[in-house]
2 protein chains.
Amino acid sequence: MLKNSEFVSKLRNSGLRPTKQRLKICEVLFNRDKTFHFTINDLAKNISKNFNKKISLATIYNTVHAFKDKGYLKEITISSDKSYFDTNITKHHHFYDEDTNLLIDCNDNEIGKVNIKNNITGKKISSVEVLVRVASDYQNQN
Amino acid sequence: MLKNSEFVSKLRNSGLRPTKQRLKICEVLFNRDKTFHFTINDLAKNISKNFNKKISLATIYNTVHAFKDKGYLKEITISSDKSYFDTNITKHHHFYDEDTNLLIDCNDNEIGKVNIKNNITGKKISSVEVLVRVASDYQNQN
DNA sequence: CAATAGTTTAGAATGATTATAATATAAATT
DNA sequence: AATTTATATTATAATCATTCTAAACTATTG
Ligand SMILES: [Mn+2]
Ligand SMILES: [Mn+2]
Ligand SMILES: [Zn+2]
Ligand SMILES: [Zn+2]
């Protein structure tokens, strides 16, 4: 539950001007109790529903990518045609419900620490992500 | 190192007619000692280089998707704009080298078993995949 | 209040993937 | 082995999410 002036600082601190559009997008994304997952399309619909002045799709793309670059969003790719953004930027894993197409955060009492015994020589690990796909029992599994 | 007649059976057994094009693609993908990762683009280039008669891009897409549906290939999605296919269809995890854009298979002495303590109620796990992104030590990490 | 740098926008361009529908091939049937 | 039927391939067009362009707009600075 951040307020407008906090978004202004947040944007200024990252070298982004606090424009009307960016503040509106901040409000939609970050002015909540819980983090959530969304697609660009979800966000565009959400904004057009809850904002009288329209924000162009190019700006929505630009802003989401800027926020991702600044580390305010993470991108989670499920398949070649499904990409989600996540307002939860802490390290965490996901369940993906193939029936509902919903991403669900895992916490530590759901997936234990991944044990990486050997890394590639000369490389540093930049992220470790687990994706657990789930579906109804009686549905076709692949 | 399978031979042509084995590919013919394999295709027939899955209800796919053993056409010239599909057999050529089988040869390129499965007539090897080691499994590997490829993009559609890689495969198309490979075929045009090693085959005198061209296979249309539509057929390459169709065949790769048919093979994936039949379980002869797995798809590994790295980001919204990078999708790989894998001829290793066993359960395994991956390192992704952000410097070289190369996918590398993990074996059990690199990543231990993922401990899933609680699953979503009423759902069955259809896959568990770990992706470890790595990059050079001195490179920008995100 | 300029001047400047950064931002938004509508619309065009891109490019990977998929659809179309005519032609070709494989399999099944006579 | 000729005919019929089902399936596959192909060139090409269509789709559509994303990115690009460049003109208009806005926030910031002096
Ligand atoms: Mn695909
Ligand atoms: Mn993107
Ligand atoms: Zn999440
Ligand atoms: Zn692999």
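This structure is a prediction, so every number in the text was calculated from the model and none was measured. Chain letters run A, B, ... following the sequence lines, proteins first, then strands; residues in each count from 1.
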Donor-acceptor pair between A:Thr39 and A:Asp42 side chains, under 3.5 angstrom: yes
Between the first and last five pairs of the helix from C:dC1-D:dG30 to C:dT30-D:dA1, the angle of the axes, rounded to 10 degrees: 20°
Atom pairs under 3.5 Å: protein N/O with N/O of nucleotides 12-15 of chain D:
none

Any A:His65 side-chain N or O less than 4.0 Å from OP1/OP2 of D:dT19: yes
Side-chain N or O of A:Arg22 closer than 4.0 Å to phosphate OP1/OP2 of D:dA27: no
Cluster overlap B:Leu11 with B:Ile89, hydrophobic side-chain contacts below 4.5 Å: no
B:Phe30 and B:Tyr72 aromatic ring geometry - parallel, tilted or perpendicular at 30°/60° bounds: perpendicular
Polar side-chain atom of A:Lys70 near backbone of A:Ser14 as donor-acceptor pair, under 3.5 Å: yes
Separation of atom NZ in A:Lys24 from atom P in C:dT9, rounded to whole Å: 14 Å
Atom pair distance, as rounded to whole Å: CD1 in A:Ile25 and C1' in C:dT8: 11 Å
Distances for protein N or O near nucleotides 26-30 of chain C N or O, under 3.5 Å:
| residue | atom | partner | partner atom | Å |
| --- | --- | --- | --- | --- |
| C:dA26 | N3 | B:Arg17 | NH1 | 3.4 |
| C:dA27 | OP1 | B:Arg12 | NE | 3.2 |
| C:dA27 | OP1 | B:Arg12 | NH2 | 3.1 |

D:dT10 phosphate, OP1 or OP2, under 4.0 Å from B:Gln21 side-chain N/O: yes
N or O in side chain of A:Lys54 less than 4.0 angstrom from C:dA10 OP1/OP2: yes
Side-chain cluster (under 4.5 Å, hydrophobic types only) that B:Leu131 belongs to, other residues: B:Ile76, B:Ile78, B:Tyr84, B:Tyr96, B:Leu103
Phosphate OP1/OP2 of C:dT9 contacted by A:Lys53 side-chain N/O (<4.0 Å): yes
Qualifying residues under ring-ring contact (aromatic ring centres under 6.0 Å, His included), relative to B:His92, sequence neighbours excluded: B:His94
Spacing between B:Phe51 atom CZ and D:dT9 atom P, to the nearest angstrom: 11 Å
Side-chain donor-acceptor pair present, A:Asn88, A:His37, cut-off under 3.5 Å: no
Between B:Ser83 and B:Glu75, a side-chain donor and acceptor under 3.5 Å: yes
Solution key, residues 15-29 of chain A side-chain donor-acceptor pairs under 3.5 Å, sequence neighbours excluded:
| residue | atom | partner | partner atom | Å |
| --- | --- | --- | --- | --- |
| A:Thr19 | OG1 | A:Arg22 | N | 3.2 |
| A:Arg22 | NH1 | A:Arg17 | O | 3.0 |
| A:Lys24 | NZ | A:Asn50 | O | 3.1 |

Sugar-phosphate, base or nothing in reach of B:Lys82, heavy atoms under 4.0 Å: nothing
